[in-house]
Visitor: 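Below is one structure. I have some questions about it.
As a basis for the values below, the full set of heavy atoms in this structure was taken, side chains included, without hydrogen atoms, waters or symmetry mates.
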Amino acid sequence: MDYDPTELIKCFVLYRNTSFEKLKVSEHGFGKVAETSNFDIKVYNKSLQYNLPQHLLRFEVKVKKMVFLKRYGIENLTFSDLAKQEIYPLFKKMLLDIFDKILLYNPDITSDKFTNNQDRELFLFAINPDNWQNLDHRRKSEKLKRFEQLAGSGEIKEIFKTKISDKWEMLTRPDKITTYLDISKPDKITTFYSLQERLQINDTGQNHLTINGYNVLLCKVTGLRIHDQQPSTTNLTEKGIKWYYENEPEIYKQKLESLLTKRWFSRHRSEEMEAYFEEIYHQIRSRLSTPRSNLKLGLKRLENKGPKLFPTVELLSPEKLRIIGGDMAFNQI
C-alpha cells in the first residue's frame, strides 16, 4: 500500500451485522477480525508485525464450514484440489464478494470535516459498530446509504478491491515475473512483490538489499535477511537464528540447522535449543573469518603474479570478494 495499513484497518466497521473487533496479533502488529458462524474475516498490518520495509496489508478469509463454499461452486474440497488452476477464480469471487459487503470508510475523512451537524452526528454514530446492532432494516438501510456517501466508502472499497484482484492475479499466474524479499530463497507467497531490488555493500561492509529506498540487511554467510538484531551487525547472531527457528522453521532447517555437522548432532542430542543456536552462530563466524583471510592471501598472490595467469579475475570485484568471502561470493556475483 502507499500508506500505513493501520490507518485503513481502523476504518473497518462491519461485515453485514457482524462487528469488527480488535485482532490478537503477535509482536507489534495491529489488526481486526469479524467472526461469523461460517468464516472469519481478518485484516492486519503485516509489515508492522514482521518489520517489513514496505507497507503490506493482509486481507484473509478463514473458512470454518466447507458448506459455505458451495454457493461459489466449490464442493468436497480436498488438499489436492488446490493444485488445480480452475479453482482459483472461484476463490477470488468469494473473497471479493465478502469484501464488497464490508462497511468501512476513508481514513482521510474525520468528523471535523463536516459543517452540517446532522452529517457529523451520523458519521460519529456510524463508525461505532455497536450502534448498528439495534436498528431495524429500513433505518439501517437509510443510514448506511447516507454514511457511505459521506465517508467515501465506495471509492476506498473500489481501490481496495482492485488491489486484491491485482494481487490475486499475480499470485495465481506463474508466467508473471516476480521477485522476493530474501535473495537466497522465495519468500512466503503472500509477501512477495515486484519491486526493483539491488544487492549492495555499504561503507561499513554490510550486505544490504535496497528496496525502493529502504535498506534490508543480509547475513554475509547465509544471505538471509537479518531480523531482530542491532542494525550494526553484519551476520546472523544467536538472536537472529532464534528468530528463524520461531518464525521460519523451514528456512531454519534448510539454511541454518544444516550448518551443524552430523558429528555435532551425535554428541549433543539432549542439548537445549540455545546450544544449537550458539553452535550455528559459531559456524557462521568461522565461515565469515576463514574465507576472508584466505581470500586476502589469494588476492595478494594474484597481484604479484599478474592478471595474465588468471584472466577471469578481472570479471570479479576484489572488494566484493574480500567482504563477502567463500562460495557465497561466487553465487551472488
Side-chain angles (χ1 to χ4, degrees), residues 1-21 23 30-34 36 39-48 52 54-63 68-69 71-74 88-114 116 119-120 122-129 131-132 137 140-173 176 178 189-195 212:
M1 300 186 67
D2 299 327
Y3 53 89
D4 184 359
T6 296
E7 298 307 311
L8 179 60
I9 295 169
K10 290 177 181 177
C11 300
F12 277 64
V13 183
L14 292 173
Y15 169 77
R16 306 186 76 172
N17 292 320
T18 304
S19 302
F20 274 92
E21 309 290 346
L23 175 67
F30 177 81
K32 281 190 172 185
V33 59
T36 74
F39 56 86
D40 296 341
I41 306 169
K42 299 179 182 180
V43 54
Y44 58 91
N45 188 337
K46 193 165 186 180
S47 50
L48 181 63
L52 300 178
Q54 84 284 16
H55 295 310
L56 194 68
L57 181 146
R58 171 72 175 260
F59 178 72
E60 170 187 329
V61 174
K62 177 184 177 181
V63 178
F68 165 74
L69 296 176
R71 69 184 68 178
Y72 297 101
I74 304 172
Y88 285 94
L90 304 178
F91 280 128
K92 177 183 175 182
K93 185 179 186 306
M94 180 267 289
L95 202 65
L96 292 175
D97 184 45
I98 289 176
F99 182 81
D100 202 42
K101 295 180 176 65
I102 291 175
L103 178 64
L104 75 162
Y105 58 97
N106 191 326
D108 292 332
I109 296 178
T110 57
S111 59
D112 57 10
K113 292 191 175 183
F114 299 109
N116 183 299
D119 288 342
R120 186 187 301 110
L122 173 59
F123 181 84
L124 292 172
F125 172 92
I127 62 177
N128 184 343
N131 292 335
W132 293 95
H137 180 73
K140 182 176 180 179
S141 179
E142 291 175 354
K143 287 182 178 292
L144 184 63
K145 185 176 181 180
R146 180 58 180 161
F147 171 71
E148 289 184 329
Q149 292 174 346
L150 294 173
S153 301
E155 182 183 359
I156 197 71
K157 284 176 74 171
E158 285 305 312
I159 293 173
F160 201 91
K161 284 169 63 178
T162 299
K163 285 184 176 291
I164 293 175
S165 181
D166 290 347
K167 182 71 175 208
W168 192 266
E169 291 302 313
M170 183 188 295
L171 291 170
T172 55
R173 288 186 56 186
K176 288 273 187 179
T178 55
I189 198 167
T190 52
T191 61
F192 75 79
Y193 45 90
S194 51
L195 301 178
N212 283 10

Visitor: How many angstroms lie between atom CZ of F147 and atom CG of L124, to the nearest 0.5 angstrom?
Guide: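 Answer for the CZ-CG pair, F147 versus L124, is 10.0 Å.
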Visitor: Within a radius of less than 6.0 Å around CD of E142, do more than 12 heavy atoms belonging to other residues, nucleotides or ligands occur?
Guide: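 For E142, atom CD is crowded (more than 12 foreign heavy atoms under 6.0 Å).
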Visitor: Looking at every non-hydrogen atom in both residues, tell me the closest pair between K157 and K101 and how far apart they are.
Guide: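 Minimum heavy-atom contact is NZ-N, 4.3 Å.
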Visitor: Kindly say whether L56 contributes a backbone atom to a donor-acceptor pair with the side chain of S47 at under 3.5 angstrom?
Guide: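 Yes: the side chain of S47 pairs with the backbone of L56.
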Visitor: Are E60 and I41 close enough, and set up right, to give a side-chain contact (heavy atoms from CB on, under 4.5 Å), and what steps lead you there?
Guide: CA-CA 6 Å; E60 170 187 329; I41 306 169; over 6 Å; no
Visitor: Does the side chain of L14 come within less than 4.5 Å of I102's, by heavy atoms?
Guide: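 Side-chain contact under 4.5 Å: no.
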Visitor: Which heavy-atom pair separates N106 from C11 by the least distance, and what is that distance?
Guide: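 Between these two residues, the closest heavy atoms are C-SG, 4.4 Å.
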Visitor: Which distance, rounded to the nearest 0.5 Å, do you find between the CD of E158 and the CD1 of I156?
Guide: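 Rounded to the nearest 0.5 Å, the CD-CD1 separation comes out at 11.0 Å.
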Visitor: Kindly give the heavy-atom pair with the smallest separation between K10 and Y105, and that separation in Å.
Guide: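 Smallest heavy-atom distance, with atoms named: O-OH, 4.1 Å.
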Visitor: Are the side chains of L57 and K163 in contact, using a 4.5 Å heavy-atom criterion?
Guide: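 Side-chain contact under 4.5 Å: no.
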Visitor: List the atom of M94, the atom of V63, and the distance in Å for their closest heavy-atom pair.
Guide: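 Here M94 and V63 meet closest at CE-CG2, 4.3 Å.
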Visitor: Please round to the nearest 0.5 Å and tell me the distance separating atom CD of E7 and atom NE2 of H55.
Guide: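 Here the interatomic distance stands at 10.0 Å.
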Visitor: Got K62 and F39 here, is their nearest side-chain heavy-atom distance under 4.5 Å?
Guide: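 No, too far: nothing below the 4.5 Å cut-off.
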Visitor: Before we go on, tell me: are the rings of Y44 and F12 under 6.0 Å apart, centre to centre?
Guide: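 Distance test on ring centres: not under 6.0 Å, no.
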Visitor: Are any non-hydrogen side-chain atoms of L104 and L8 less than 4.5 angstrom apart?
Guide: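 Yes, their side chains come closer than 4.5 Å.
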Visitor: Please round to the nearest 0.5 Å and tell me the distance separating atom OG of S153 and atom CG of L144.
Guide: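 Spacing of OG (S153) from CG (L144) equals 8.0 Å.
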Visitor: Taking N45 for its side chain and L48 for its backbone only, find out whether a donor-acceptor pair lies under 3.5 Å.
Guide: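 Yes: the side chain of N45 pairs with the backbone of L48.
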Visitor: Show the numbers, then the answer: is there a side-chain contact (heavy atoms from CB on, under 4.5 Å) between L150 and L122?
Guide: CA-CA 9 Å; L150 294 173; L122 173 59; 3.9 Å; yes
Visitor: I need the I98 CD1 to T36 OG1 distance, nearest 0.5 Å.
Guide: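 The distance works out to 7.5 Å.
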Visitor: Nearest 0.5 Å, please: how far is OG in S111 from CD1 in I109?
Guide: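 Output value for this atom pair is 11.5 Å.
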Visitor: For the pair W168 (side chain) and Y88 (backbone), establish whether a donor and an acceptor sit closer than 3.5 Å, ignoring hydrogens and angles.
Guide: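 Confirmed, W168 side chain pairs with Y88 backbone.
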Visitor: With side-chain contact (heavy atoms from CB on, under 4.5 Å) as the test, would you mind laying out the steps for R120 and K113 before giving the verdict?
Guide: CA-CA 8 Å; R120 186 187 301 110; K113 292 191 175 183; over 6 Å; no
Visitor: Cation-pi check for F59 against K42: NZ or CZ below 6.0 Å from the six-membered ring centre and within 45 degrees of the axis, yes or no?
Guide: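 Output no; distance or angle outside limits.
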Visitor: Taking all heavy atoms of K161 and all of L96, pick out the closest pair and write down the distance.
Guide: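 Distance-wise, the nearest heavy atoms are O-CD2, 3.9 Å.
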Visitor: Could you tell me whether F20 and Y15 have their ring centroids closer than 6.0 angstrom?
Guide: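 Ring centres of Y15 and F20 not closer than 6.0 Å.
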Visitor: Please determine whether side-chain contact (heavy atoms from CB on, under 4.5 Å) holds for the pair W132 and V13, giving the CA-CA distance in whole Å, both sets of side-chain angles, and the decisive distance to 0.1 Å.
Guide: CA-CA 10 Å; W132 293 95; V13 183; 4.2 Å; yes
Visitor: Can you name the closest pair of heavy atoms from E169 and K92 and give their distance?
Guide: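 So the minimum-distance heavy-atom pair works out to OE2-NZ, 3.0 Å.
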Visitor: Could you tell me if the side chain of N17 sits less than 4.5 Å from the side chain of K140, heavy atoms only?
Guide: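 Yes, at least one pair of side-chain atoms sits under 4.5 Å.
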